[in-house]
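Taking it in order: structure first as structure tokens, then the write-up.
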Amino acid sequence: MCGIVGIIGHNKRVPADVLERATQSLAHRGPDDSGTVIFRDCGSDDVEIGFGNRRLAILDLSPLGHQPTNDPASGNWIVYNGEIYNFREVRAKLERAGVHFKGHSDTEVILRSYGQWGEKCVQEFRGMFAFAIWDARQHRLFVARDPMGIKPLYYHQSGGYLIFSSEVRTLLGTGLVPRRLDSAGLLDYLTFGSLCDPNALIEDLSSLPPGCYLTWEKGLATVEQYWDLTDSKAGESNDHALQATPENRKRLEDEVTEMLDQSVRMQLVSDVPVGVFLSGGIDSSSLVGILTRSGVQPSTFSIVFRESDYSEAEFSRTVATHFRTDHHEITVSQADFFDAIDPALHAMDLPTLDGINTYFVSERTRAAGVKVALSGLGGDEMFGGYASFRTVPRMERIANIWNRMPVLFRSPGAKIFAAVAPSSDENRKLSTLGWNGGGAVHPYFLSRMLFTPEQTTQLLPHTRNGTFSRMSESLRQRLMNSESLDPINRVSYLEARCYMLNTLLRDSDFMSMAHGLEVRVPLIDHQLARRVLALPGSWKLCARIPKPLLVKALRGQLPENIVHRPKRGFTLPFEHWLRDALRPRVEASLKNISEGPLGPFISEFAARDVWQDFIDGRTSWSRPWSLYVLQSWCERHMSS
């Protein structure tokens with residue numbers, strides 16, 4: 001696990017001081033080692049390449065794990081961030097083909113795999129990764145990101161340079177990226193509380209999408225997709241399963257169980273101890289159960305609040321006792337979390353509505369001596385744990401009714417619905433479906449919206465209509481990819497490719513790596529995820545049991561009070577904090593938003609209205625807090 005950076009100059013020199021400074025800016029991601037290299041391409045074009053790496057040593061702790069790494073036989077260079085969990089199997093396959101190795105790292109396995117199979121090497125890997133290889137024979141750059149988007153990779157091209165890095169802040173710090181806010185990115189953030197991949201809030205700076213690779217040759221960069229959660233095989237599996245006999249259903253469910261066990265065991269590969277984040281929910285408890293039945297006694301780590309209103313200690317202790325884990329409780333108070341707000345804001349690579357809790361849990365876990373931790377992230381998306389799996393299909397049915405209504409009657413119908421329906425967030429969003437012409441805004445996106453389209457228009461009064469189209473292009477593509485799925489699996493796909501990708505995975509990466517902690521997510525191994533998505537959605541919901549497919553896979557191992565406990569997120573008392581200790585700074589920030597970098601974009605009057613609506617109890621804390629986070633990030637990173 002590392003932080004990486006690269007600068008490719010086309011008829012340009014790579015500034016050594018810039019490369020070194022950019023590499024050191026990633027020191028928090030890799031405190032164990034550092035390396036940079038600058039070399040010239042021997043091809044016809046005048047190309048210079050600079051790679052930098054900060055290393056968190058997890059596999060092959062010897063100096064042979066140092067990066068950037070060169071293959072003398074081919075002349076290829078690599079810089080890499082991540083873990084390939086099946087690297088030993090891939091290595092054995094290469095050795096049978098006559099490939100020789102010097103060390104024992106997965107970095108060398110990737111480099112040799114590319115030398116053997118070229119671009120197709122990515123099809124061999126199971127893990128989380130973002131890597132770049134300079135192909136000395138083809139005189140081109142090859143950059144790839146893992147199928148689920150667990151590890152980040154951002155890039156920018158202008159002025160004869162292509163630059164890439166694990167973090168946006170590193171790219172801004174090079175001075176090679178103009179510090180100009182992107183209107184489409186701002187709209188993303190206000191709509192969902194995070195940036196929608198590939199937007200990255202800065203003009204002409206993009207995220208490499210998950211399951212994609214970028215090639216750069218003679219100054220031209222091209223992005224191609226090599227994998228997605230859905231494909232023809234997934235669709236065929238879904239059709240077959242829908243007609244499955246009870247015997248076939250059991251066989252398919254057993255297959256999921258086997259793949260779950262394999263994914264969890266595989267992600268234990270490490271030359272340092274591996275812990276488990278244990279909240280006492282179904283997802284993290286399942287990880288512990290799978291490890292235990294595999295003969296592993298895991299070390300588990302739980303955050304325990306001193307204040308009983310927020311503590312989940314009862315559940316995590318139940319699981320730890322039941323499975324006899326080596327359990328560690330990290331006792332904290334609300335005041336401890338409050339004190340972590342400022343450093344957590346500083347750690348944000350991109351603004352996000354969430355992430356404070358991830359920052360704090362990662363900080364305390366790393367301080368307890370853990371370098372690698374397994375997380376249950378992704379269980380809700382893959383196994384139907386959110387309320388959206390029930391509400392969105394219902395909203396889709398209502399959207400179809402709006403669509404069948406004559407256009408002239410939709411707005412009056414929405415007014416009548418808003419007037420007579422019980423007051424609730426879901427009903428307000430259903431009314432919005434009518435105002436927007438039924439299918440104009442898909443119910444899933446409505447369910448995840450922070451500010452409605454009308455509110456974002458007020459906050460961004462100078463935004464051009466084209467910006468709204470740019471923002472929605474990636475969302476439309478995700479909808480198109482999910483059209484062949486049944487309603488429940490469509491929600492699963494969209495949750496995985498939107499909320500999980502843009503919020504949970506991104507937050508988990510930069511908040512954990514702020515402390516040099518590697519977080520692994522076995523429940524979204526890409527082969528497992530595709531298999532689960534190929535099963536009928538009806539198998540994933542049950543009135544009696546939450547996440548029935550996952551619970552069945554544990555074969556009765558989980559305690560009953562864990563399976564049937566009320567679903568509860570890891571919440572912090574922001575409502576109270578914003579009305580009390582945080583009020584002066586947030587209020588002042590929103591009332592003076594026009595004086596900062598957001599001044600040309602955000603309406604000061606609309607921002608003040610958001611704050612007043614919160615004070616008067618007409619809106620939740622999340623809306624003013626999201627504006628404050630955005631303002632804080634821009635003040636920190638948008639000035640030279």
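Values below: every heavy atom of this structure, side chains too, minus hydrogens, waters and symmetry copies. Residue indices begin at 1 and follow the sequence shown. Since this is a predicted model, take the numbers as computed values, not measurements.
Under the 3.5 Å distance criterion, the side-chain polar atoms of D188 are matched with a main-chain donor or acceptor of C196. Between the side chain of R145 and the backbone N or O of A130 there is no donor-acceptor pair closer than 3.5 Å. The backbone N or O of L94 lies less than 3.5 Å from no partner atom in the side chain of R112, so there is not a single donor-acceptor pair. Side-chain N or O atoms of N81 include none that pairs as donor or acceptor with a backbone N or O of K151 at under 3.5 Å. In this structure a side-chain-to-backbone donor-acceptor pair under 3.5 Å is present from S165 to I4. In terms of modelled atom types and a separation under 3.5 Å, the side chain of R530 and the main chain of D228 share a donor-acceptor contact. Using modelled atom types, one side-chain atom of R506 and one backbone atom of L195 make a donor-acceptor pair closer than 3.5 Å.
Between F142 and Y114, the distance from one ring center to the other falls under 6.0 angstrom. Taking the six-membered ring for Trp, Y359 and H515 have ring centres closer than 6.0 Å.
When L220, I49, L141, I7 are each tested for a side-chain contact (heavy atoms from CB on, under 4.5 Å) with L162, only one passes: L141. Exactly one of K12, K218, R13 qualifies for a salt bridge (charged side-chain N to carboxylate O under 4.0 Å, His left out) with D46. That residue is R13.
Using cut-offs of 30° and 60° for the angle between ring planes, the Y213 and Y226 rings count as parallel. Between Y628 and W625, the ring planes lie tilted relative to each other; the angle falls in the 30° to 60° range.
Within the model, atoms OG of S206 and CG of D182 stand 8.5 Å from one another, a figure rounded to the nearest 0.5 Å.
The environment of R137 atom CZ is sparse: at most 12 non-hydrogen atoms of other residues, nucleotides or ligands sit within 6.0 angstrom.
Under a 4.0 Å N-O distance rule, the pair R585/D342 qualifies as a salt bridge. Between E495 and R448, at least one side-chain N (NZ, or NE/NH1/NH2) sits under 4.0 Å from a carboxylate O, which counts as a salt bridge.
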### Message
ring pair (Phe, Tyr, Trp, His ring centres under 6.0 Å) for F51 and W77? Distances and angles first, verdict last.
### Response
CA-CA 9 Å; F51 283 169; W77 282 89; 7.6 Å; no
